[in-house]
Amino acid sequence: MTGITGCYLLGSFSRHKSHSFAMSQVRVRFAPSPTGFFHIGSARTALFNWLYARHTGGVFVLRIEDTDKERNSEAFLNVIYDSLTWMGMTWDEGPKVGGDYGPYRQSERNDVYQHYLKLLQDSGRAYEKDGAIWFKLLGERHEVFDEHRKKTVVKVKNTPAIIEDQIRGHVERTEDEDFVIVRSDGNPVFHFVNVVDDIAMKITHVIRGEDHLSNTSKHVELFKAFGAPVPTYAHIPLILKQNGPGKMSKRDQGALIEEYQRRGYLPEALVNFLCLLGWAPGDNREKMPIEEIIRLFDLPGVNQSNARFDEKKLAHMNMAYLLEKPADEFVRLAGDYFERSGAFAQNRPDESYFRDVMVLSQPKIKGLEELPGYTKYFFSDEYPVDPKAKDKIMGKGEPKVRLAELAEAVKSADFSSDAALEQMIQVLASTHGLSVGDYIHPGRLAVSGTNVGPSFYGLFRVLGRDRVLKRIERFLATA
RNA sequence: GCCCUCAUCGUCUAUCGGUUAGGACAGGAGAUUCUCAAUCUUCAAAGCGGGGUUCGAUUCCCCGUGGGGGCGCCA
């Protein structure tokens, strides 16, 4: 652990000077607390930290803020690791990977906190009250009745704490209150451990949600009390829930990263979408590779206003990424999704048949989660017939006659390509003086039970002659 | 109530004093067509209000209004 003496030397550098001094490497941290599932807002905070580290060639530290023993859990910890990894945000220092400034879980850093607490006590900046230890602010004290807490509190008017925020600009606050740094049960509190660890881990830039802006003056006072350099701050706007008032929380619809992972969203799509919530490259581009985003991302380019989460746009981004996947990768992704969602539970289809079905469906779906439903009839003969589609198609013309003609033609048709099948239908239609639609619509209904689906010729080709014939005959017999 | 903060189409955003205020999602219409998507064309859609500063304000300043956040021995 680094002693405080070293920090004191650096203490004379202001935030601005520290930017240029020693060409020090950027060190940012993402410091989640494992008190709930990992959500969109946390993910974006992590992302902006990660982007900035990658952009500057700096270090991305993962630190677990688990000082509240009542609320944190091991399960949530794994969700954090999984989600970060899934989104491609690898951390350079932190749990699992180690680093020179560990341990990286606050629950394991008590000796560090004790050391720093002693420094505060020795300099007269800490005192005991109600069994807890408080940080003592410097300045003029006066009592005031707080409407919110319904009690009289002591405000301390101090020399204004000035924050030069990379996103907000100049922010200052002239009044604060003494605050608890160690609970009466002996456990240190967020404000204290957060600052101590930022000092000990030599964090240069604190990038966090705007909900922390009001805390920052307290933190600045702590840095000053330790004689440590104040890090550069960047408070990013919050993500508001898509419906209703307030910021998004883990209880909101669509808030959990885990959910998108489960639903087969592409992580690159989610990441790209999240980057665009509060940041834009400035040239109207939206869908862009992460390498390009890393190259262009910078703190002053981040917006100041809150953004409302829009899952429709996310879905669109996901579709755009899915559409351009090479066949091999798409099939692999689809296979993974079928596996995870239990769609293979009943019967596992032949590998090349599965592949054909997926490749045929790729251009038609908006997300992997549509796939099992969209392709159901390919893998089972027991598919329902959509009554609406049936009414619509069987209600006009002579669909049964067309189906009989189609079945006859299928017996000798060339199933090797879509083009061959297309020609077969065209010949069939023209010999009877009809349009291809007169055969296609009943044909699709007969073999799939629905009026929506992939290309008709592809549908026949992939199903193959035997299935097509059997299904048409069965349909004719029962319809 | 106090403190901090923000403000361009419904939503995400571009504009760093001079633009017909641009793009994307969503919505409408059309094209294509074997359905549904995708795609292409196209329509509708915005500078919160009031004062300043300026030859000129969406852009800079102030006030108001509205939104968001904070005010825990949570993080």
Side-chain angles (χ1 to χ4, degrees), chain A residues 31-36 42 65-68 70-72 106 129-134 144-150 153 155 163 165 168-169 171-177 179-191 193-194 208-217 235 237-238 240 242 245-247 273 276-287 300 303-317 319-320 323 361-366 370 374 389 392-393 422 425 435-441 443-445 448 450-459:
Chain A
S33 111
T35 56
S42 304
E65 307 222 332
D66 54 355
T67 56
D68 186 346
E70 296 294 306
R71 305 203 320 166
N72 66 66
Q106 291 184 330
K129 192 180 100 185
D130 304 331
I133 301 172
W134 296 64
V144 62
F145 186 77
D146 186 303
E147 284 296 332
H148 180 75
R149 284 170 287 182
K150 304 288 178 209
V153 298
K155 297 270 187 191
I163 304 149
D165 194 282
R168 309 277 145 188
V171 178
E172 65 175 70
R173 193 185 178 89
T174 53
E175 245 181 20
D176 261 309
E177 291 167 34
F179 52 93
V180 171
I181 53 177
V182 180
R183 296 182 181 88
S184 47
D185 66 6
N187 287 311
V189 169
F190 166 71
H191 297 301
V193 295
N194 189 267
R208 47 161 46 155
E210 202 220 51
D211 49 347
H212 286 288
L213 191 54
S214 298
N215 293 324
T216 307
S217 53
H235 285 91
L238 301 180
L240 271 27
Q242 46 187 344
K247 63 171 175 175
F273 169 79
L276 264 20
L277 241 42
W279 178 84
D283 58 4
N284 283 343
R285 278 187 300 169
E286 295 202 326
K287 181 166 170 292
N303 280 185
Q304 303 175 82
S305 48
N306 294 340
R308 204 167 283 275
F309 181 76
D310 180 5
E311 65 179 350
K312 287 242 181 68
K313 188 149 185 171
L314 205 205
H316 178 268
M317 185 69 80
M319 182 200 66
L323 226 38
S361 306
Q362 182 180 9
K364 312 293 270 187
I365 53 139
K366 295 178 90 101
E370 288 180 3
Y374 191 79
K392 194 176 165 193
I393 291 163
E422 184 171 4
I425 300 284
S435 75
V436 291
D438 292 318
Y439 290 93
I440 284 175
H441 298 304
R444 178 190 298 281
L445 180 69
S448 71
T450 170
N451 60 344
V452 302
S455 143
F456 178 75
Y457 309 113
L459 171 66

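Each chain gets a letter, A, B and so on, in the order the sequences are listed, and its residues count up from 1.
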Pairing check on [N]: which nucleotide meets the Watson-Crick or G-U wobble criteria with it, both distances under 3.5 Å?
N	value
B/rU20	none
B/rC2	B/rG70
B/rU15	none
B/rU54	none
B/rU35	none
B/rG27	B/rC43
B/rG64	B/rC48

Roughly, in whole Å, what's the span from [atom1] in [X] to [atom2] in [N]?
X	N	atom1	atom2	result
A/K129	B/rG72	NZ	P	12 Å
A/L238	B/rU11	CG	P	17 Å
A/R168	B/rG68	CZ	P	15 Å
A/D185	B/rC73	CG	P	12 Å
A/E311	B/rC12	CD	C1'	14 Å
A/K155	B/rG70	NZ	C1'	11 Å
A/K247	B/rA75	NZ	P	14 Å
A/I365	B/rC36	CD1	C1'	13 Å

Min side-chain heavy-atom separation [X]-[Y] under 4.5 Å:
X	Y	answer
A/L238	A/N306	yes
A/V153	A/V144	yes
A/R168	A/P237	yes

NA contact type, [X], heavy-atom cut-off 4.0 Å: base, sugar-phosphate, or nothing?
X	value
A/G278	sugar-phosphate
A/N187	nothing
A/D176	nothing
A/M317	nothing
A/G282	sugar-phosphate
A/P454	base
A/G246	sugar-phosphate
A/E175	nothing
A/A280	sugar-phosphate
A/F273	nothing

Separation of the [atom1] atoms in [N] and [M], to the nearest angstrom:
N	M	atom1	answer
B/rU13	B/rC6	C1'	16 Å
B/rU19	B/rA38	C1'	33 Å
B/rU53	B/rG70	P	39 Å
B/rG66	B/rA29	C1'	35 Å
B/rA7	B/rC12	C1'	15 Å
B/rG18	B/rG30	P	40 Å
B/rC43	B/rU33	C1'	23 Å
B/rG10	B/rG27	P	16 Å

Side chain of [X] (C-beta onward), nearest among [options]:
X	options	value
A/V180	B/rU35, B/rC73, B/rU13	B/rC73
A/L323	B/rG1, B/rA38, B/rG67	B/rA38
A/D211	B/rU35, B/rG1, B/rG69	B/rG69
A/E177	B/rG70, B/rU11, B/rC71	B/rC71
A/S305	B/rC6, B/rC73, B/rC12	B/rC6
A/H212	B/rG1, B/rA75, B/rU35	B/rA75
A/E210	B/rC36, B/rG68, B/rG72	B/rG68
A/N306	B/rU11, B/rG67, B/rC36	B/rG67
A/H148	B/rG68, B/rG1, B/rC73	B/rG1

Phosphate OP1/OP2 of [N] contacted by [X] side-chain N/O (<4.0 Å):
X	N	value
A/N303	B/rC6	no
A/K366	B/rC36	no
A/H316	B/rC25	yes
A/R149	B/rG72	yes
A/T67	B/rA75	yes
A/N215	B/rG69	no

For B/rC71, does the base pair up with any side-chain atom of A/S214 as donor and acceptor (N or O, under 3.5 Å, distance only)? no

Between the base of B/rC4 and the side chain of A/R173, is there any donor-acceptor pair under 3.5 Å? no

Readout for nucleotides 27-33 of chain B: B = base within 4.0 Å of protein heavy atom, S = sugar-phosphate only, - = neither; 5' to 3' it is -------

Looking at A/D146 and A/R149, is any side-chain nitrogen of the basic one under 4.0 Å from a carboxylate oxygen of the acidic one? yes

Identify whether the distance between the nearest side-chain nitrogen and carboxylate oxygen of A/K247 and A/E210 falls below 4.0 Å. no

With salt bridge (charged side-chain N to carboxylate O under 4.0 Å, His left out) as the test, would you mind laying out the steps for A/K364 and A/E370 before giving the verdict? CA-CA 10 Å; A/K364 312 293 270 187; A/E370 288 180 3; over 6 Å; no

Hey, does the side chain of A/N303 reach the backbone of A/S305 with a donor-acceptor pair shorter than 3.5 angstrom? no

Which class fits the ring pair A/F190 and A/H212: parallel under 30°, tilted 30 to 60°, perpendicular over 60°? tilted

A/T216 and A/R208 side chains, donor-acceptor separation under 3.5 Å: yes

Pairs: protein N or O with nucleotides 19-23 of chain B N or O, under 3.5 Å:
residue : atom : partner : partner atom : Å
B/rG22  : N2   : A/N284  : OD1          : 2.8
B/rG23  : O4'  : A/N284  : ND2          : 3.3
B/rG23  : N2   : A/E286  : OE2          : 3.0

